[in-house]
Amino acid sequence: MHTGDWPSTVEEALAVQERLRERVDLTDDGPELPPTVTGLDVAYDERDGFAAAVVTLETAGLTVVEARTHRAEAVFPYEPGLFAFRELPPLLAALERLDREPDVLVCDGHGLAHPRRFGLACHLGVLTGWPAFGVGKTRFVGTHADPAPARGSAEPLVDAGEVVGAALRTQDGVKPVYVSAGHRIDLAHACRLTLALTPRYRLPETTRQADRLSRAALR
DNA sequence: GCGACAG
DNA sequence: ATCTTGTCGC
């Protein structure tokens, strides 16, 4: 993998982010539900090493089509707002090992729901060219009303006067997840797809599978 | 000035 | 992210 031109300071990362942000494409010409969905996640060890995992599922039955992992050392510290510079290298390496090209990437983090509107999902989408969106477990930016208790209820996530995502209830009476568009997919489709991926649990089956696999790859 | 701050 | 026991509920 190429990590030679990878930013090593906060200033450099901010500059890269600002440049790539202009390449985000928010149009959505994809189908209501893509044939497959690819989830990504990273697990860390007690030091600076981690394992990235990507898992492609058939959207209809949520069965595994393909799964790949990649182990690496961290090349960038965790910095709120610059999260992608830490996890992107191993994730891209794992993605390159897939035989089948993803239809859409489901990221463990945010897309537009980011201080500069360029979270991990946007970054991943721009670099790969594939549709991508984010499903975060906790809020990063913005405020929202509490969604109704029923699964499927949602409230807009607003930051600085603009809707950057949605707080979506994926299970009755359970804390909502934060969905935001990343690249080549709109918020409505991202929310519908997220609901298709959460028939039983709060988090998408894609991230659950990728989380499981990345932890296993760590040992 | 005082918190908040994806994973 | 990760460190961790018990506990409540289906």
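Just so it is clear: chains get the letters A, B, ... in the order the sequence lines come, proteins before strands, and each one is counted from 1.
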Neighbours of DNA chain B within residues 112-132 of chain A, by heavy-atom distance under 4.0 Å: His114(A), Gly119(A), Leu120(A)
Residue-phosphate contact under 4.0 Å: Tyr178(A) side-chain N/O, dA6(B) OP1/OP2: no
Residues forming a ring pair (Phe, Tyr, Trp, His ring centres under 6.0 Å) with His110(A), sequence neighbours excluded: none
Side chains of Trp6(A) and Val75(A) in contact at under 4.5 Å (non-hydrogen atoms): yes
Where at least one partner belongs to residues 47-62 of chain A, residue pairs that pass side chain to side chain donor-acceptor pair (under 3.5 Å), sequence neighbours excluded: Thr38(A)-Thr56(A), Glu58(A)-Thr63(A)
Phe76(A) CZ - dA6(B) C1' separation (whole Å): 14 Å
Shortest non-hydrogen contact from Leu91(A) toward Ala53(A): CD2-O, 4.4 Å
Test item: Asp159(A) side-chain N/O and Val141(A) main-chain N/O as donor-acceptor pair under 3.5 Å: no
Phe83(A): ring pair (Phe, Tyr, Trp, His ring centres under 6.0 Å) partners, not counting sequence neighbours: none
Sugar-phosphate, base or nothing in reach of Leu82(A), heavy atoms under 4.0 Å: base
Sugar-phosphate, base or nothing in reach of Gly81(A), heavy atoms under 4.0 Å: base
Nearest-angstrom distance from the residue atom CG of Leu157(A) to C1' of dA6(B): 12 Å
Members sharing Leu197(A)'s hydrophobic cluster (side chains within less than 4.5 Å): Leu33(A), Val37(A), Val55(A), Leu57(A), Leu62(A), Val64(A), Val104(A), Val106(A), Phe133(A), Val135(A), Val158(A), Val163(A), Leu168(A), Val177(A), Val179(A), Ile185(A), Leu187(A), Leu193(A), Leu195(A), Leu203(A), Leu213(A)
No-hydrogen, no-angle side-chain donor-acceptor test under 3.5 Å, Glu87(A) and Tyr78(A): no
Those residues that, when tested against Tyr178(A), pass ring pair (Phe, Tyr, Trp, His ring centres under 6.0 Å) (two or more places apart): His144(A)
Watson-Crick or G-U pairs under 3.5 Å in DNA chain C, rendered as dot-bracket with [ ] for crossing pairs and | for another strand: ..........
Strand-adjacent residues in residues 139-150 of chain A, judged by heavy atoms under 4.0 Å from DNA chain B: Arg139(A), Phe140(A)
Heavy atoms from other residues, nucleotides or ligands near CD of Glu22(A) exceed 12 (cutoff 6.0 Å): no
Exceeds 12 heavy-atom contacts within 6.0 angstrom, atom CZ of Arg71(A): yes
Side chain to side chain donor-acceptor pair (under 3.5 Å) partners of residues 131-140 of chain A, not counting sequence neighbours, each pair once: Asp108(A)-Lys137(A)
ILVMFWY cluster membership beyond Leu218(A) - transitive side-chain contacts under 4.5 angstrom: none
Base of dG7(B) and ring of Phe83(A) stacked, centres under 5.5 Å, planes under 30°: no
Residue pair Leu40(A) / Leu120(A), side-chain heavy-atom distance below 4.5 Å: no
Heavy-atom donor-acceptor pair, Arg151(A) side chain to Thr170(A) backbone, under 3.5 Å: yes
Contact check, side chains of Tyr201(A) and Arg208(A), non-hydrogen atoms, under 4.5 Å: yes
Between P of dA6(B) and CD of Gln17(A), the distance in whole Å: 14 Å
Whole-Å distance separating the CG atom of Leu91(A) from the P atom of dG7(B): 14 Å
Watson-Crick or G-U stems involving DNA chain B, each at least 3 pairs long, distances under 3.5 Å, ordered by first number: none
For nucleotides 1-7 of chain C, tabulate all protein N/O to nucleotide N/O atom pairs closer than 3.5 Å, reporting atom names and distance.
| from | atom 1 | to | atom 2 | distance (Å) |
| --- | --- | --- | --- | --- |
| dA1(C) | OP2 | Lys137(A) | NZ | 3.1 |
| dT2(C) | OP1 | Tyr44(A) | N | 3.4 |
| dT2(C) | OP2 | Arg215(A) | NH2 | 3.3 |

